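Structure, as structure tokens:
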Amino acid sequence: MEISSRHHLRSDEVTAIEDALAGQLGVDLDADSYELVELADSAFDLVLVDGDPDVLYVEDESGEPEPFLTVRGANRHEPSSHVVTVDAGAVSFVSDGADVMRPGIVEVDETISDGDLVAIAEEAHGKVLGIGRAMTGGDDMLGDSGKVVKSVHHVGDDLYEFAV
């Protein structure tokens, strides 16, 4: 992945990221350094949090950039909400970037709304395998059939492998 620009964020931009992640995920980043990395060949921009690629910007449904944790960031700063947990049978599929299907879900945060970004974790160790966008509310994610989370970023993709 090629970096097109890189610069430190202003304090108001840092506050917006910290507030968004605290409100949506219950995560307190509490870092000393926030640096925006714009990638030339990616739909995402990254934020290096104390040098680690922990935050990405994903366009919401209106096209506005929305901050969320990367897979590595979610494993470093464990989210307490907006988490969808999948069973062992779904791990290999989610790790390869597949969308999440109802039968693979074992636990879900019912406060998730349609269109929210979510962390997709595996049940055995709680490790985050992917980031996705909810296609339905959390109260409608458990069931026998149908896609409920569209994959956005996952273990092993280019963004996951990115290093500065």
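Remember, it's a predicted structure, so these values are computed and weren't measured experimentally. For the single chain, residues carry numbers from 1 onward in sequence order. The figures that follow rest on heavy atoms only: side chains count, while hydrogens, waters and symmetry mates do not.
In terms of the side chain to side chain contact (heavy atoms under 4.5 Å, CB included) criterion, residue partners of Asp87 (sequence neighbours excluded) are, by chain and number, Ala90, Val106, Glu123. Scored by the salt bridge (Lys or Arg N to Asp or Glu O under 4.0 Å) test, Arg6 finds Glu35 as partners (sequence neighbours excluded). Not counting sequence neighbours, the partners of Asp12 by the salt bridge (Lys or Arg N to Asp or Glu O under 4.0 Å) test are Arg10.
Taking the side chain as every heavy atom from C-beta outward, Thr70 and Asn75 never approach each other to under 4.5 Å. Taking the side chain as every heavy atom from C-beta outward, Gln24 and Asp116 approach each other to under 4.5 Å. Residues Val100 and Met135 are not in side-chain contact: their nearest non-hydrogen atoms beyond the backbone lie 4.5 Å or more apart. Counting heavy atoms from C-beta on, the side chains of Phe162 and Leu46 come closer than 4.5 Å. The side-chain heavy atoms of Leu48 and Tyr34, taken from C-beta on, include no pair separated by under 4.5 Å. Inter-residue side-chain proximity for Ile120 and Ile131 is flagged as unmet; no heavy-atom pair is nearer than 4.5 Å. At a threshold of 4.5 Å between non-hydrogen side-chain atoms, the residues Val84 and Asp109 do not count as touching. At least one side-chain heavy atom of Val118 sits less than 4.5 Å from a side-chain heavy atom of Val149.
With Thr136 contributing its side chain and Asp114 its backbone, the two residues share no donor-acceptor pair below 3.5 Å. Panel note: side chain Glu122, backbone Lys127; a donor-acceptor pair is recorded below 3.5 Å. Without hydrogens or angle criteria, Asp99 side chain to Lys150 main chain gives no donor-acceptor distance under 3.5 Å.
Arg72 has no carboxylate O lying under 4.0 Å from a charged side-chain N of Asp52, or vice versa, which leaves the two without a salt bridge. Ion pairing of Arg133 with Asp60 is absent here, as no side-chain N (NZ or NE/NH1/NH2) approaches a carboxylate O to less than 4.0 Å.
Taking both residues in full, the closest heavy atoms of Pro67 and Leu21 are given as O-CD2, 4.0 Å, listed atom of the first, atom of the second, then distance. For Glu18 against Ala31, the heavy-atom pair with the smallest separation is OE2-N, 4.4 Å. Residues Ala74 and Pro79 share a closest heavy-atom pair of O-CD, 3.4 Å. Nearest heavy atom pair, residue Ala121 against residue Val83, reads CB-CG1, 4.0 Å.
A distance of 13.5 Å separates CD in Glu110 from OG in Ser81, rounded to the nearest 0.5 Å. Between Glu13 atom CD and His7 atom NE2 the span is 6.0 Å, to the nearest 0.5 Å. If you take OG on Ser4 and CD on Glu38, they are separated by 5.0 Å, rounding to the nearest 0.5 Å. Atom CG of Asp41 is separated from atom CG of Asp158 by 7.5 Å, given to the nearest 0.5 angstrom. Separation of atoms CG (Asp45) and CG (Leu56) is listed at 9.0 Å; rounding is to 0.5 Å. Interatomic distance, OH of Tyr57 versus CD of Glu66, reported as 11.0 Å (0.5 Å rounding).
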side-chain contact (heavy atoms from CB on, under 4.5 Å) between Phe44 and Val58: does it pass, once the steps are laid out?
CA-CA 6 Å; Phe44 308 111; Val58 181; 3.9 Å; yes

Kindly indicate, with the supporting measurements, whether the criterion side-chain contact (heavy atoms from CB on, under 4.5 Å) is fulfilled by Val47 and Ile17.
CA-CA 9 Å; Val47 176; Ile17 289 171; 3.9 Å; yes

Do Asp140 and Arg102 pass the side-chain contact (heavy atoms from CB on, under 4.5 Å) test, and can you show the C-alpha distance, the side-chain angles, and the key distance before you say yes or no?
CA-CA 9 Å; Asp140 186 38; Arg102 278 189 181 99; 3.1 Å; yes

Stepwise, does the side-chain contact (heavy atoms from CB on, under 4.5 Å) test hold for Ser95 with His154?
CA-CA 6 Å; Ser95 295; His154 60 90; 5.9 Å; no

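Using a 4.5 Å cut-off between side-chain heavy atoms of Ile, Leu, Val, Met, Phe, Trp and Tyr, with links allowed through other members, Val71 and Val37 fall into the same hydrophobic cluster. A single hydrophobic cluster is not seen to contain both Phe93 and Val108; linkage of ILVMFWY side chains at heavy-atom distances under 4.5 Å, directly or through other members, places them apart. A continuous path of Ile, Leu, Val, Met, Phe, Trp and Tyr side chains, each step under 4.5 Å between heavy atoms, connects Met141 with Val91, placing both in one hydrophobic cluster. Note: the hydrophobic cluster containing Leu36 also contains Leu159 (ILVMFWY, side chain heavy atoms under 4.5 Å, direct or indirect links). Placement of Ile112 and Leu142 within a single hydrophobic cluster is found when ILVMFWY residues are connected by side-chain heavy-atom separations under 4.5 Å, directly or transitively.
With hydrogens and angles left out, the side-chain atoms of His77 and Asp54 include a donor and acceptor closer than 3.5 Å.
The local environment of CD in Glu161 is crowded, with over 12 non-hydrogen atoms from other residues, nucleotides or ligands closer than 6.0 Å. With a 6.0 Å radius and a threshold of 12 heavy atoms from other residues, nucleotides or ligands, Asp144 has its CG atom at or below the threshold. Counting non-hydrogen atoms of other residues, nucleotides and ligands closer than 6.0 Å to NE2 of His125 gives a total of 12 or fewer.
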